[in-house]
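Presented below is the structure to which this report refers.
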Amino acid sequence: MASVVGSAPRRLNWYPALGIAAIVSIPLLTWSLRRNCAQSVQKQDLSSIPSLPLFAAAEKLAKENPDKIAIIDKAKNESFTYRQLLADTVALKKLILEKLELQSSGDLEERRIAFLVPNGYDYVVTQWAVWAAGGIAVPLCTSHPVKEWLYTIGDSDPSLIITHPSFEKAAAALQEEVKNVAFITLTPFSAANSSAATLPSFQPSLPLSRRALMIYTSGTTSRPKGCITTHKNITFQADSLVKAWKYTSEDQLIHVLPLHHVHGIINGLVASFLSGATVEMYPKFDAATIWKRWQEKGSTMFFAVPTIYSKLIEYFDAHIKSTEAEAAARDGAKALRLLVSGSAALPTPTKAKFAEITGQVLLERYGMTEIGMAISCGLEIDSRIDGSVGWPLPGVQIRLTDKETGEVIEGTDKDGMIEVKGDNVFLEYWRRPEATSKEFSSDGWFKTGDVARRDERGAYFIQGRASVDIIKSGGYKISALEVERELLSLDSILEVAVVGLPDEEWGQRVAAVVKQKPGTAPLELQSLRAELKKEMAPYKIPTVLKLVDNIERNAMGKVNKKDILKTYWPEKA
Ligand code: MCA
Ligand code: AMP
């Protein structure tokens, strides 16, 4: 049997929960996507919306049900209909094009638009307006320091930067540094006119081959790369999830994830909006808020990283258990139809403890910035296997290859490198053709760098990453070499090795083993962290520091990070 799991015959490779409908509809979707790509670009009208699949779905819903809520913005404490979302999108689209003096073409033609907007309705309008105007959305991470924003801006080379007034200071700092790029300060949207909003007019779609989204992702060897997905990619990624997890317009998602990554953007926003669901958007995760919200009932889905489930369990034990709120809290969580965990390995004890509290068996899935979601356990409880991420998603092909020889592994129970093919796979790393081609096999499969094993049911079990230089902490992917580079730029540090220390709560912690320059005062973790906060994202900064006299290297001058772990943290190695 061919080792390609997920391609024809699909019937064998997909879990039963999906049923016949998915088997039939994937070729249809592929056909319609291809057909769409072949269309030539029509002149775009400033005041209408291109019928990209996401917008066409929203239009249909807004017509059928003008009062349907798209977003409940918890920070604003306001609800917004699909109708208003489309109306505000077209208004901002017009503003963007006018600002860039592109009224005559009405098309950004893949110009990059970077934006710094907190989680909520204003974020979605901004992203949709960029897409409606034909541009590439570059969401900036709201917790990054200025230095990281400058890197992203420098690399993505945007024509325009949109900032929300809540980032007034940051915007001023950026404007100091970034010359020759236009800025817009967003006027926050209000739901005051939601029911009166006029549905904008629609025009033919832009080609789905149009680049849509740029997400920065850490690599092992270089600075973060801009991962480009097209409308075809993101539509396919979202649609595949909609089929597998059966999102509907009856769903209400509680959304707490950051919006500069695929998990929050595609699984959380795009797939929900494609299905006409309602998304409740929170500025950030807070365990107390979520437990309280679950008790109120009315939401149906929750997506998170394992650290969030771990924090929810911790909060339950510390503040809810044995109080009068306990029964309602357990009940509230139990009422949801779907709770998903991903972005990092879900420890079985976390899964078990969460099930014990809530009666919910978390559904685990596997994904990556470059491929969206690729593998998922099934909706049926029986197909949520402990320690497994399940089966390839509809339309996604997966194979395992031997790490040394590259040969395809046919059988089961042997570790191999996960490789992926399908319309879910990204287009390119922005302006890095060599880096892009390096990540693909000669026969066109994307090499994830993750190691997995497949069992006789075709279910996949992730075994970790091939590279020790990629750390996953709190669901964030972090390059150990990038952290080392920052540490080495400090005056007092002579040598450093950064490793991922296994940790129950964070998955891994960023740990730095440091040899200081002679005569320098011993570093302290807190002051080191404070210093680094100006330089890098908070989640990349080491939370463990070990000062040593010597960092052992092999004959090639390389540090063996597995040995480092064994030497300094033998209990975790
Ligand atoms: C924060 N802290 C940490 C870490 N992060 N300590 C150790 N390790 C960390 N990684 C510390 C802070 O320094 C601070 O301590 C304290 O925790 C609270 O910080 P805060 O930022 O408020 O933390 P939080 O809000 O509790 O954040 C935890 C979180 C967050 C909610 C789990 O990390 C998160 O949203 N993660 C999701 C990431 C995600 O969406 N990844 C998807 C990418 P002090 O005050 O002492 O400084 S992967 C992806 O998209 C693919 C496609 C996929 O498969 O999904
Ligand atoms: P990112 O590059 O931030 O998109 O992170 C993608 C990486 O997260 C993958 O390459 C995996 O290493 C890891 N990952 C995602 N989901 C899972 C999962 N369910 N189990 C284990 N690792 C995961």
Side-chain angles (χ1 to χ4, degrees), residues 119 141-144 213 215-220 224-225 227 229 237 241 255-268 282-290 303-312 314-315 340-347 351 362-377 387-390 417-418 420 424 426 439 446-452 460-467 470-479 483 500-501 503-511 525-526 529-530 532-533 536-544:
N119 287 18
C141 171
T142 53
S143 69
H144 276 182
L213 185 62
I215 299 291
Y216 275 80
T217 185
S218 292
T220 42
K225 304 185 282 279
C227 172
T229 41
Q237 290 172 2
L241 285 183
H255 193 306
V256 296
L257 291 169
L259 286 174
H260 63 298
H261 279 299
V262 163
H263 196 167
I265 298 171
I266 305 294
N267 306 20
Y282 292 78
K284 70 182 295 236
F285 167 71
D286 173 63
T289 307
I290 297 307
F303 304 157
V305 299
T307 302
I308 288 183
Y309 288 109
S310 166
K311 284 175 176 285
L312 284 165
E314 193 181 282
Y315 187 89
V340 181
S341 174
S343 302
L346 174 65
K351 187 179 178 187
L362 297 174
L363 185 156
E364 198 174 1
R365 77 353 172 237
Y366 161 85
M368 194 173 178
T369 303
E370 288 84 341
I371 58 174
M373 298 303 109
I375 310 179
S376 169
C377 283
S388 169
V389 290
M417 308 298 300
I418 305 179
V420 184
N424 57 311
F426 77 123
E439 302 302 333
F446 173 67
K447 302 188 273 186
T448 62
D450 288 306
V451 180
Y460 284 82
F461 294 75
I462 308 290
Q463 306 295 314
R465 284 198 69 88
S467 167
I470 295 283
I471 299 170
K472 263 274 163 165
S473 187
Y476 285 113
K477 183 170 163 184
I478 298 158
S479 159
V483 181
L501 202 58
D503 184 82
E504 219 171 281
E505 184 176 19
W506 296 98
Q508 288 180 307
R509 276 178 179 272
V510 180
L525 182 64
Q526 284 322 316
R529 282 177 55 78
L532 288 171
K533 270 184 183 155
M536 60 203 305
Y539 49 83
K540 296 180 186 170
I541 302 173
T543 55
V544 178

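Every number for a ligand or one of its atoms is a count from 1 in the order of the listing.
Of the protein's heavy atoms, Arg365 O, 2.7 Å lies nearest to atom 19 (N) of ligand 2. Regarding atom 17 (C) of ligand 2, its nearest protein heavy-atom neighbour is Ala344 N, 3.6 Å. Atom 2 (O) of ligand 2 has as its closest protein heavy atom Lys477 CD, 2.8 Å. In terms of protein heavy-atom proximity, atom 5 (O) of ligand 2 is closest to Lys472 NZ, 2.8 Å. For atom 10 (O) of ligand 2, the closest heavy atom belonging to the protein is Asp450 OD2, 2.5 Å. Looking at atom 16 (N) of ligand 2, its nearest protein heavy atom turns out to be Ser343 N, 3.2 Å. Of the protein's non-hydrogen atoms, Gly367 O, 3.5 Å is the one closest to atom 6 (C) of ligand 2.
Within a 6.0 Å radius of CD in Gln463, other residues, nucleotides and ligands contribute more than 12 heavy atoms.
Aromatic pair Phe303/His255: centroids not less than 6.0 angstrom apart.
Here the CG-OG distance, from Leu363 to Ser341, works out to 9.0 Å after rounding to the nearest 0.5 Å. Taking OG1 from Thr307 and OH from Tyr476, the interatomic distance works out to 10.5 Å, rounded to the nearest 0.5 Å.
Atoms of ligand 2 lying under 4.0 Å from at least one heavy atom of Val389, given by number and element, are 19 (N). Near Ala345, with a cut-off below 4.0 Å to any heavy atom, the atoms of ligand 2 are 20 (N), 21 (C), 22 (N).
Checked against a 3.5 angstrom limit, the closest N/O atoms of Thr369 and ligand 2 fall inside it. Residue Thr448 has no N or O atom closer than 3.5 Å to an N or O atom of ligand 2. Note: no N/O pair closer than 3.5 Å links His261 and ligand 2 by distance alone. The distance criterion of under 3.5 Å between nitrogen or oxygen atoms is met by Glu364 with respect to ligand 2.
Judged by the shortest distance from any of its heavy atoms, Val262 lies outside the 4.0 Å radius around the atoms of ligand 2. Thr217 counts as a contact of ligand 2, since one of its heavy atoms falls under 4.0 Å from the ligand.
Between His260 and His144, the ring-plane angle classifies as perpendicular under the 30° and 60° cut-offs.
Counting only heavy atoms from C-beta outward, the side chains of Cys377 and Val389 never approach each other to under 4.5 Å. Side chains of Cys141 and Tyr539 form a contact here, defined as non-hydrogen atoms less than 4.5 Å apart. Counting heavy atoms from C-beta outward, Ile215 and Leu213 have side chains that approach closer than 4.5 Å.
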Q: Could you walk me through whether Val451 and Ile418 pass side chain to side chain contact (heavy atoms under 4.5 Å, CB included), step by step?
A: CA-CA 6 Å; Val451 180; Ile418 305 179; over 6 Å; no
One line per pair, note the atom names and distance for all nitrogen or oxygen contacts under 3.5 Å between ligand 1 and the protein.
| from | atom 1 | to | atom 2 | distance (Å) |
| --- | --- | --- | --- | --- |
| ligand 1 | 8 (N) | Ser473 | OG | 3.4 |
| ligand 1 | 10 (N) | Ser473 | OG | 2.8 |
| ligand 1 | 13 (O) | Arg529 | NH2 | 2.7 |
| ligand 1 | 22 (O) | Lys284 | NZ | 2.7 |
| ligand 1 | 25 (O) | Lys284 | NZ | 2.9 |
| ligand 1 | 36 (N) | Gly474 | O | 2.9 |
| ligand 1 | 41 (N) | Gly475 | O | 3.1 |
| ligand 1 | 47 (O) | Arg529 | NH2 | 3.3 |
| ligand 1 | 50 (O) | His263 | N | 3.1 |
| ligand 1 | 54 (O) | Arg365 | NH1 | 2.9 |
| ligand 1 | 54 (O) | Gly367 | O | 3.3 |
| ligand 1 | 55 (O) | Ser343 | OG | 2.5 |
| ligand 1 | 55 (O) | Arg365 | NH1 | 3.4 |
| ligand 1 | 55 (O) | Arg365 | NH2 | 2.6 |

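The salt bridge (Lys or Arg N to Asp or Glu O under 4.0 Å) search around Lys311 returns Glu505, not counting sequence neighbours. Remark: Asp450 pairs with Tyr366, Arg465 by the side-chain hydrogen bond (donor to acceptor under 3.5 Å, both in side chains) rule, at least two apart or across chains. The side-chain contact (heavy atoms from CB on, under 4.5 Å) test applied to Glu370 returns Thr217, Cys227, Met368, Phe426, Tyr429, Phe446, not counting sequence neighbours.
Taking each heavy atom of Gly342 and Pro306 in turn, the nearest pair found is O-CD, 3.4 Å.
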